[in-house]
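In what follows, residues are counted from 1 in the order of the sequence shown. For the numbers below, each heavy atom of this structure counts, side chains included, while hydrogens, waters and symmetry mates do not. These numbers come from a predicted model, not from an experiment.
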Amino acid sequence: MTTDTATEVFEEHRPVLMGVAYRMLGRVADAEDVVQETWLRWSGTDPSDVRAPRGYLVRITTRLAIDRLRHVRSRNEAYVGPWLPEPYVTDFADTVPDAAERAVLADSVSLAVLVVLESLSPLERAVFVLREAFGYPYADIAAVLDRNEPAVRQLAGRARKHVDERRPRYEVDPAERREMTEKFLAAAAGGDLEDLMALLAPDVRLVGDSGGLAQAPVRVLESADKVGRFLHGVARKGVPDAAFRFMEINGGPALVTLSGDKVDNVLQLDVVDGRVQCVYILRNPRKLLSLPVDHRPSRDRP
């Protein structure tokens, strides 16, 4: 295998490797580091020793991600306020033609599911990602993790039970989420608290991630009254030189707010029965650096 061929093979599988690493870590920069380390190991490998390049690359990526996950978890013990995964730009509608497969991939990378995955052990998380998101057989996962198949099945059972108990139990069409996000933006920008409250479920939650580096609630807000009044206050204060972009982030529509030439925040909604069930706001500036946002002039009003 020539250097050019090795590069072509790796690039062919890069999207899968990045998908595995991000779902394992919830951090774009860490996932990119893991994929880069996988490339370094791949480029130094004798190709005659590799029968199945994809399986070999996924095995390296998964093991590196497990090691990285153990490290970053100790780092996160001192994290200020609620934690959310770093926003990850997705384009499943353009790259995955099968609607069912697209739905599985979108769900497995959603903010709600990734938050739940944070509470799994690294091995449980690896098994869940490989099995649920990418459909790997148990035997293949056992080879990746160097475990026997019965042990992998046990890990998968525990992980699935844990996730099913905590994940949101609803499905919403992306177009409905986009429409609700536009209504939400219009109500907030209009400054009418009643209009805003009308969009919120009674038990709505707001999760704000600033890492202590920007203004955001240091605890999860619960109830329509608390969430509505907080958002109303934020909207009244406004964002200097604001502009807005809709992007597909973590498998669903999200509103990106720019302040001048910088991303101020990313907002995403979970919607149930036509009401906002959860509001996610990412304001940690370190988590917003990877967003490839076009800064050309855009509307500054909904």
Not counting sequence neighbours, which residues clear ring-ring contact (aromatic ring centres under 6.0 Å, His included) with Phe128? List them please.
-> none

All ring-ring contact (aromatic ring centres under 6.0 Å, His included) counterparts of Phe134, not counting sequence neighbours = none

Counting distance only, does the side-chain N/O of Glu149 pair as donor-acceptor with the main-chain N or O of Tyr138 below 3.5 Å?
-> no

Donor-acceptor under 3.5 Å (Arg125 side chain, Met24 main chain) = yes

Tyr88 backbone acceptor or donor facing Asn250 side chain under 3.5 Å = yes

Test item: side-chain donor near acceptor, Tyr280 and Asp270, under 3.5 Å | yes

What pairs of residues pass the salt bridge (charged side-chain N to carboxylate O under 4.0 Å, His left out) test when at least one of them lies in residues 190-205, not counting sequence neighbours?
-> Arg205-Glu222

Is atom CZ of Arg275 surrounded by more than 12 heavy atoms (other residues, nucleotides or ligands) closer than 6.0 Å?
-> yes

Arg166 versus His162, side-chain donor and acceptor atoms under 3.5 Å = yes

Using atom types as modelled and distance alone, determine if a side-chain donor or acceptor of Ser210 lies under 3.5 Å from a backbone N or O of Arg283.
-> no

Could you walk me through whether Ile281 and Val234 pass the side chain to side chain contact (heavy atoms under 4.5 Å, CB included) check?
-> CA-CA 12 Å; Ile281 301 178; Val234 170; over 6 Å; no

Asp209 and Tyr79 side chains, donor-acceptor separation under 3.5 Å | yes

Sidechain N-carboxylate O distance under 4.0 Å for Arg229, Asp225 | yes

